[in-house]
Amino acid sequence: MKNLLPYIISATALMSFPQLDFAQALAAINPKAPISATGTLTVKNDELVFAGATQTDFDAAITHAPTPYTIKLASGGQCVAGSCYGASVDNEIFEIRKYAPFVASVNAQPCSLDGRIPAKTVISLILDGKSYTGTDGSTFNETVALELTFADPMLPDTKLSSASLLRNSTVYAMVKGDASNITITDFTWSSDHKSFNFSVDFDCIMRCWEHATTGKADVTLKGEMSKIRVTVPGWMTASK
């Protein structure tokens, strides 16, 4: 049981998804495993509860499973190695690509050449979606991106943060103000300050500014990213 907790609990509790389909969970952990059992998995009091299947069925499926484990959720999100992420656009699931879809990093952005925009340190979160070919033959990758700005050297401030979206060959930017909301639900530094873990929820109105005169409608981007671990660059820890 203990070896299952890191990814099962993250897939259920962290994404507020109370129940996983047993066969889907097995397929996500080990696509090559034969699946004969049906039923559901539920986490209750930090223990796995099986309905229509058994612990033995589950253990057999993960015996030769690759790592890190990936759990795909009915919400369209997924959990890998304890971190979960997912999004929707106008209540339609944002389809996450199958390989290396998520990147979280800390970056230093220099000030603008005219000095009007000051230098800043940001957390960059990039969630890649499906690729497709446009009518002109060009290849596009759908992307959800968040940029969380540090208000001081150690804490981000969502009031200074932003979101962007590339979907259907169109670039959208977040509409600032009461129409959009980015909330950091937890933020914890490691004891050596070389990394931190955090979670963020977002519910944003997105607008395609370059097509404002064409009547292209705004869209609503929603999602959450839970227990994301970010390793910080040496220059940031040195300045602490």
Side-chain angles (χ1 to χ4, degrees), residues 6-7 9-18 68 71 73 75-91 93-94 96 101-109 117-129 143-166 172-207 218-240:
Y7 49 91
I9 290 180
S10 65
T12 54
L14 297 183
M15 293 294 284
S16 301
F17 190 71
I71 297 290
L73 306 176
S75 63
Q78 65 184 39
C79 297
V80 182
S83 298
C84 302
Y85 40 79
S88 66
V89 180
D90 284 346
N91 295 318
I93 291 174
F94 179 82
I96 301 173
F102 186 74
V103 177
S105 60
V106 173
N107 304 303
Q109 296 185 355
I117 302 176
K120 59 183 178 180
T121 301
V122 302
I123 305 170
S124 177
L125 304 171
I126 300 175
L127 179 60
D128 287 321
T143 303
V144 171
L146 297 184
E147 188 177 273
L148 309 179
T149 302
F150 279 88
D152 62 51
M154 304 307 289
L155 293 173
D157 184 352
T158 55
K159 294 180 181 179
L160 304 174
S161 300
S162 62
S164 60
L165 170 69
L166 175 57
Y172 295 87
M174 184 181 82
V175 178
K176 296 280 188 176
D178 295 338
S180 299
N181 184 38
I182 298 176
T183 304
I184 296 175
T185 56
D186 68 72
F187 191 97
T188 306
W189 281 93
S190 63
S191 58
D192 58 9
H193 280 78
K194 292 183 178 180
S195 65
F196 56 81
N197 287 271
F198 77 105
S199 301
V200 60
D201 296 341
F202 50 97
D203 185 349
C204 305
I205 300 299
M206 310 297 292
R207 181 167 297 164
D218 294 348
V219 299
T220 300
L221 173 67
K222 295 182 180 181
E224 58 183 330
M225 300 173 182
S226 302
K227 301 302 179 186
I228 305 300
R229 183 179 183 275
V230 183
T231 300
V232 301
W235 56 263
M236 186 173 182
T237 55
S239 64
K240 175 181 175 296

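From a predicted model like this one, the values you see are computed outputs, not experimental measurements.
- Note that OG1 of T143 is 7.5 Å distant from CD1 of I126, once rounded to the nearest 0.5 Å.
- Pairing each heavy atom of K176 with each of S162, the nearest pair is NZ-CB, 4.1 Å.
- S88 is not listed as a side-chain neighbour of F94, based on a closest heavy-atom distance of 4.5 Å or more.
- Annotation: side chain of I228 is not in contact with side chain of F196 (no heavy-atom distance under 4.5 Å).
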Verify side chain to side chain contact (heavy atoms under 4.5 Å, CB included) between L160 and F150, making sure each step is shown before the conclusion.
CA-CA 8 Å; L160 304 174; F150 279 88; over 6 Å; no

Chi angles and distances behind the side chain to side chain contact (heavy atoms under 4.5 Å, CB included) call for V89, Y172:
CA-CA 11 Å; V89 180; Y172 295 87; over 6 Å; no

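- A distance of 9.5 Å separates CG in L125 from OG in S161, rounded to the nearest 0.5 Å.
- Side-chain atoms of S190 come within 3.5 Å of backbone N or O of S195 as a donor-acceptor pair.
- Going from atom CZ of F102 over to atom CG of D128 covers 10.5 Å, rounded to the nearest 0.5 Å.
- Within the 4.5 Å cutoff, no side-chain heavy atoms of T183 are placed close to those of T158.
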Given the rule in the side chain to side chain donor-acceptor pair (under 3.5 Å) test, do T188 and D186 qualify, once you have shown the distances and angles that lead to the verdict?
CA-CA 7 Å; T188 306; D186 68 72; 5.0 Å; no

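- N197 approaches K227 most closely through the heavy-atom pair OD1-O, 4.2 Å.
- Separating the CZ atom in F187 from the CG atom in L148 is a distance of 9.0 Å, to the nearest 0.5 Å.
- Of the possible donor and acceptor atoms, one in the side chain of S180 sits under 3.5 Å from a partner among the backbone N and O of I205.
- For the atom pair C204 SG and D218 CG, the distance stands at 12.0 Å (nearest 0.5 Å).
- Residues F202 and E224 come closest through the heavy atom pair CE2-N, 3.7 Å.
- Annotation: side chain of M225 is in contact with side chain of L146 (closest heavy-atom distance under 4.5 Å).
- The NZ atom of K120 sits 4.0 Å away from the OG1 atom of T149 when rounded to the nearest 0.5 Å.
- Using a 4.5 Å heavy-atom cutoff, the side chains of V106 and P233 are in contact.
- Side-chain contact, Q78 with Y85: a donor N or O sits under 3.5 Å from an acceptor N or O.
- Side chain of T220 to main chain of D90: no donor-acceptor pair is present (N/O by atom type, distance under 3.5 Å, no hydrogens or angles).
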